[in-house]
Number of protein chains: 2
Amino acid sequence: MEKKLLLLGILRRQEMHGYQLSEFIDNNLSLCTDLKKPTAYYLLDQMAREGWISAETTQEGNRPPRRVYQLTPAGEATFQRLLREQLAQYSPINFPGDVSLAFLDGLPAQETLNLLAEQRAALLTRLEEISAIHAHTGSLSLVFLHQTHHLQAELGWLDEVISGLQTQSSVHQAEA
Amino acid sequence: MEKKLLLLGILRRQEMHGYQLSEFIDNNLSLCTDLKKPTAYYLLDQMAREGWISAETTQEGNRPPRRVYQLTPAGEATFQRLLREQLAQYSPINFPGDVSLAFLDGLPAQETLNLLAEQRAALLTRLEEISAIHAHTGSLSLVFLHQTHHLQAELGWLDEVISGLQTQSSVHQAEA
DNA sequence: TCCTGAATAGTCAAAATTGACTATTCAGGA
DNA sequence: TCCTGAATAGTCAATTTTGACTATTCAGGA
């Protein structure tokens, strides 16, 4: 449901057509969600059928006609309801990368360490990337700050795992 | 792909049939992924067609026949490849809850604070829940530790957001 | 003994999501 | 002028995921 909330929240500030919405999300809200274009159109259709938004077909110059969506009063009510719901609950998250943590013993310790070092580098790159993006857009600070906070925590976690493995493997070496 | 890695990793330790796998994931690996039963069957079918696992139909007593899957050598090779891939990369995560952070101004400040307090309580409950689960299974520590680490970081984040809003709204009150 | 409800094993149609595609417009250089 | 490649706007078939269902077995009480 949080994808619909996102679309409603954007349309609430400004009416838009599908392509515009999808672009906007890609450019400014990629940290929140990875809503793809066809999914956006699918959800817009659905919400129009539910009466949360209404479509108006417009034509500029001799460009092909576009469907511009805007919130209805029902849509505004739904937006508020969904926002309250989301704010009040905690939605658990699964880290896809944890699958590999569960099978760390499937590889030699030294190789694992090398691969984790690569992951760590990728994580740092990601941190720099999003800092750069935020520097020149400046908007939606909370989402950006959250992601940064999270990435920093992940860095701490990775370092714990790595140093844990290091002591473990040096103990093994000492034993051998 | 990480769902296939998960299935391969489990089958690698012990051959199983679909229902068994799905149960095992629900009971022990729910922190990693939320793979549903029909998805598991779907992926098993696919992997069987790709030759990563092979099925053997068995019958115990007069229970209905079951398909028991085991890794093939090709499956073992794929497991290793996928594991290396996953370990070496960082996969970015979107927090679905961040959508509501982007629209915090859609509600009165005081209500937002109340709702966030609810979310904080839910987060604490979750922390206790998974600690309890882990206490009596004791397995898969890394995944558990990661999740705990993450929840603690989220708690810190939520507290930052809440206290930020509090100062903001008290400034407003002072101004009024 | 018979019945009920839980556990086991899996299937299926419907819903959601995606990659790849079409078609038009427009800006700028050859 | 004409051509090429990017930007705009959206669609579609195929894949993936899910909620809800079926069907059998079994344990325990009435």
Side-chain angles (χ1 to χ4, degrees), chain A residues 1-8 10-11 14-30 32-50 52-53 55-70 82 91-92 94 96 99, chain B residues 1-7 10-11 14-30 32-50 52-53 55-70 82 91-94 96 99:
Chain A
M1 225 25 8
E2 89 275 353
K3 300 192 173 181
K4 290 188 182 177
L5 175 60
L6 181 64
L7 292 173
L8 289 176
I10 299 173
L11 287 178
Q14 203 195 327
E15 57 174 46
M16 285 193 189
H17 55 92
Y19 188 79
Q20 218 173 140
L21 270 163
S22 177
E23 282 269 285
F24 183 78
I25 291 170
D26 271 14
N27 297 333
N28 305 293
L29 291 158
S30 55
C32 274
T33 189
D34 69 338
L35 192 66
K36 306 288 196 307
K37 198 153 36 94
T39 306
Y41 280 102
Y42 174 76
L43 295 174
L44 286 170
D45 245 48
Q46 255 201 182
M47 296 200 294
R49 262 184 265 123
E50 295 197 80
W52 299 354
I53 58 181
E56 197 184 347
T57 305
T58 68
Q59 183 142 21
E60 275 170 36
N62 51 358
R63 302 207 110 261
R66 298 172 310 185
R67 249 159 301 145
V68 176
Y69 292 99
Q70 66 227 348
L82 293 178
S91 13
N94 298 312
V99 171
Chain B
M1 228 20 10
E2 89 275 354
K3 300 192 172 180
K4 290 188 180 175
L5 175 59
L6 181 63
L7 292 172
I10 299 172
L11 288 177
Q14 202 194 327
E15 58 173 45
M16 287 192 186
H17 54 94
Y19 188 80
Q20 217 173 142
L21 271 163
S22 176
E23 282 269 284
F24 183 78
I25 291 171
D26 271 13
N27 297 334
N28 306 293
L29 291 159
S30 55
C32 274
T33 190
D34 67 338
L35 192 65
K36 306 288 196 305
K37 196 152 38 93
T39 306
Y41 280 103
Y42 173 76
L43 294 174
L44 286 171
D45 246 49
Q46 254 202 185
M47 295 199 296
R49 262 184 265 123
E50 295 197 81
W52 299 355
I53 59 182
E56 196 183 348
T57 305
T58 69
Q59 183 143 20
E60 275 171 34
N62 51 357
R63 302 207 111 261
R66 298 173 309 185
R67 251 158 301 144
V68 175
Y69 292 99
Q70 67 227 348
L82 293 179
S91 12
I93 288 199
N94 298 313
V99 172

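In what follows, every chain begins at residue 1, and chains take the letters A, B, ... in the order their sequences are listed. Note that the structure is predicted; figures quoted are calculated from it, not measured.
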N or O in side chain of Gln46(A) less than 4.0 angstrom from dA16(C) OP1/OP2: yes
Length of the OH-P vector between Tyr19(B) and dT24(D), whole Å: 17 Å
Value rounded to 0.5 Å, distance of CG in Leu6(A) from SG in Cys32(A): 6.5 Å
So do the side chains of Lys36(B) and Asp34(B) get within less than 4.5 Å of each other, counting heavy atoms only? yes
How close do Gly18(B) and Tyr41(B) get, heavy atom to heavy atom, and via which atoms? C-OH, 3.6 Å
Spacing of Leu35(A) atom CG relative to dA16(C) atom P, expressed in whole Å: 13 Å
Convert the base pairs of DNA chain D into dot-bracket notation, remembering that pairs crossing earlier ones are written with [ ] and that bases paired across to another strand are shown as |; include only Watson-Crick or G-U pairs under 3.5 Å. ||||||||||||||||||||||||||||||
Carboxylate-amine/guanidinium proximity below 4.0 Å for Arg66(A) and Glu56(A): no
From the candidates dT17(D), dA9(C), dT8(D), the one with an atom nearest any side-chain atom of Lys3(B) is dT17(D)
Protein-nucleotide distance (Asp26(A), atom CG; dG10(D), atom C1'), rounded to Å: 15 Å
Presence of Tyr41(B) side-chain N/O under 4.0 Å of dG10(C) phosphate oxygens OP1/OP2: yes
Phosphate oxygens OP1/OP2 of dT18(C): is one of them under 4.0 Å from a side-chain N or O of Lys36(A)? yes
Nearest whole Å is fine: how far is dA9(D) P from Asp45(A) CG? 18 Å
Take Asp45(B) and Tyr69(B) through the side chain to side chain contact (heavy atoms under 4.5 Å, CB included) test and state the conclusion after the steps. CA-CA 10 Å; Asp45(B) 246 49; Tyr69(B) 292 99; 4.0 Å; yes
Remember a base hit wins even if backbone is also touched, and classify Gln20(B) as base, sugar-phosphate or nothing at under 4.0 Å, heavy atoms. nothing
Taking the side chain of Tyr42(B) as heavy atoms from C-beta outward, which of dA20(D), dT17(D), dA16(C) is closest to it? dT17(D)
In whole Å, what is the span from the CE atom of Met1(B) to the P atom of dT15(D)? 14 Å
Taking only N and O in the side chain of Arg66(B), is any of them less than 4.0 Å away from OP1 or OP2 of dT24(D)? no
Could you check which of dT18(C), dG10(D), dT17(D) has an atom nearest any side-chain atom of Asp34(A)? dT18(C)
In whole Å, I'd like the distance from the CZ atom of Arg67(B) to the C1' atom of dT8(C). 14 Å
Is Thr39(B) close enough to dT18(D) that one of its side-chain N or O atoms is under 4.0 Å from OP1 or OP2 there? yes
What's the CG-P distance between Asn27(B) and dA7(C), to the nearest Å? 12 Å
Report yes if at least one side-chain N or O of Lys37(A) is closer than 4.0 Å to OP1 or OP2 of dT11(D); otherwise report no. no
Test side chain to side chain contact (heavy atoms under 4.5 Å, CB included) applied to Leu35(B) and Leu21(B), Leu7(B), Asp26(B), the passing residue: Leu7(B)
Please give me the minimum heavy-atom distance between Asn94(B) and Thr33(A), naming the atom from each residue. ND2-C, 3.6 Å
